[in-house]
Amino acid sequence: VQLVESGGGLVQTGGSLRLSCAASGFTSEHYNIGWFRQAPGKEREGIGCFTSKDGRTYHRDFARGRFTVSRDQAKNLVYLQMTNLEPADTAVYYCAAENKYIDYACLTGPQFYDSWGRGTQVTVSS
């Protein structure tokens, strides 16, 4: 499985960005895609995820209201829309995929994912 993130960049406080995850090479019919971020000196944390089995998404509590995971089926892209960004959101953002837990709601723990993109940097200036 190959995953490529794009859409990162420099944005001012209060601004918005939409990150894209292009995924290919799946060997199974269904899969889960997760979005994660890792700030310098901090552990990688899950933001939200999408499951292709039923099209549902899930967002962690801190992300609800500002971050939204969605999918464009025609383009085979999974998005992370981010609004009202703050300097604390500065991090490298990753998407990841797995297909072992597709019978459950998608998971946001990084330990459940085994295919990762290289990440895209998001920097929010104050």
Side-chain angles (χ1 to χ4, degrees):
V1 178
Q2 295 79 44
L3 301 120
V4 179
E5 303 92 341
S6 61
L10 175 64
V11 64
Q12 291 184 334
T13 296
S16 300
L17 281 175
R18 187 178 73 169
L19 307 183
S20 300
C21 175
S24 62
F26 290 105
T27 58
S28 60
E29 180 180 3
H30 294 297
Y31 52 89
N32 292 332
I33 298 285
W35 277 102
F36 303 84
R37 68 182 183 182
Q38 188 165 19
K42 295 188 177 181
E43 293 187 352
R44 191 167 299 188
E45 66 174 348
I47 301 169
C49 56
F50 159 83
T51 178
S52 71
K53 192 169 185 181
D54 56 16
R56 288 188 295 178
T57 57
Y58 175 79
H59 301 80
R60 290 190 60 199
D61 287 348
F62 80 85
R64 290 182 186 135
R66 295 198 301 125
F67 294 74
T68 305
V69 176
S70 64
R71 180 186 70 164
D72 185 326
Q73 189 170 1
K75 295 181 179 179
N76 202 25
L77 294 173
V78 177
Y79 298 113
L80 178 65
Q81 178 70 51
M82 306 185 293
T83 61
N84 197 20
L85 286 162
E86 307 164 353
D89 296 316
T90 294
V92 178
Y93 284 71
Y94 300 89
C95 63
E98 65 86 14
N99 64 355
K100 298 186 294 296
Y101 301 98
I102 55 175
D103 290 331
Y104 306 91
C106 63
L107 303 169
T108 56
Q111 67 272 26
F112 298 110
Y113 290 79
D114 46 26
S115 297
W116 291 83
R118 297 182 67 179
T120 184
Q121 175 71 46
V122 171
T123 303
V124 184
S125 64
S126 57

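Atoms considered below: every heavy atom in the structure, side chains included; atoms not considered: hydrogens, waters and symmetry mates. Each residue takes its place number in the sequence, starting with 1.
Val11 is connected to Trp35 through a chain of hydrophobic side-chain contacts under 4.5 Å among Ile, Leu, Val, Met, Phe, Trp and Tyr, so both are in one cluster.
The six-membered or imidazole ring of Tyr94 lies away from that of Phe36, with a centre-to-centre distance of 6.0 Å or more.
Residues Pro87 and Thr13 are in side-chain contact: their nearest non-hydrogen atoms beyond the backbone lie under 4.5 Å apart. Looking only at side-chain heavy atoms (C-beta outward), Gln12 and Leu85 stay at 4.5 Å or farther from each other. Side-chain contact between Tyr93 and Leu80: present, with at least one pair of heavy atoms (C-beta onward) separated by less than 4.5 Å.
The side chain to side chain donor-acceptor pair (under 3.5 Å) pairs that include a residue from residues 72-86 are Arg71-Gln73, where partners are two or more places apart or lie in different chains.
Considering OG of Ser24 and CD of Gln2, their distance stands at 4.5 Å, rounded to 0.5 Å. Expressed to the nearest 0.5 Å, how far CD of Glu98 lies from CG of Asn32 amounts to 4.5 Å. Ile47 CD1 to Phe62 CZ: the interatomic distance, rounded to the nearest 0.5 Å, is 5.0 Å. Note: Tyr101 OH to Cys106 SG = 13.5 Å, rounded to the nearest 0.5 Å. Taken to the nearest 0.5 Å, the SG atom of Cys21 stands 4.5 Å off from the CG atom of Leu3. Rounding to the nearest 0.5 Å places CZ of Arg44 at 13.0 Å from CZ of Arg37.
In terms of heavy-atom proximity, Ser52 sits nearest to Glu29 at OG-O, 4.1 Å. In this structure, Ala97 and Val1 approach most closely via the heavy-atom pair CB-CG1, 4.2 Å.
If you chain together ILVMFWY residues whose side-chain heavy atoms come under 4.5 Å of each other, Leu10 ends up in a group of its own.
Proximity of a side-chain donor or acceptor of His59 to a complementary backbone N or O of Cys49 within less than 3.5 Å is not detected. Distance alone, capped at 3.5 Å, places no donor-acceptor pair between the Gln38 side chain and the Val92 backbone.
Considering only residues two or more places apart in sequence or on other chains, Tyr58 meets the ring-ring contact (aromatic ring centres under 6.0 Å, His included) condition with none of them. Arg18 is linked by a side chain to side chain donor-acceptor pair (under 3.5 Å) to nothing, counting only residues two or more places apart in sequence or in another chain. Partners of Asp103 by side chain to side chain contact (heavy atoms under 4.5 Å, CB included), not counting sequence neighbours, listed by chain and number: Lys53.
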Per-pair distances, 0.1 Å, donor-acceptor, side chain in residues 116-126, under 3.5 Å, sequence neighbours excluded:
residue	atom	partner	partner atom	Å
Trp116	NE1	Tyr113	O	3.3
Thr120	OG1	Gly8	N	3.2
Gln121	NE2	Ala91	O	3.4
Gln121	NE2	Thr123	OG1	3.3

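Atom CZ of Arg64 sits in a crowded spot, with more than 12 heavy atoms from other residues, nucleotides or ligands closer than 6.0 Å.
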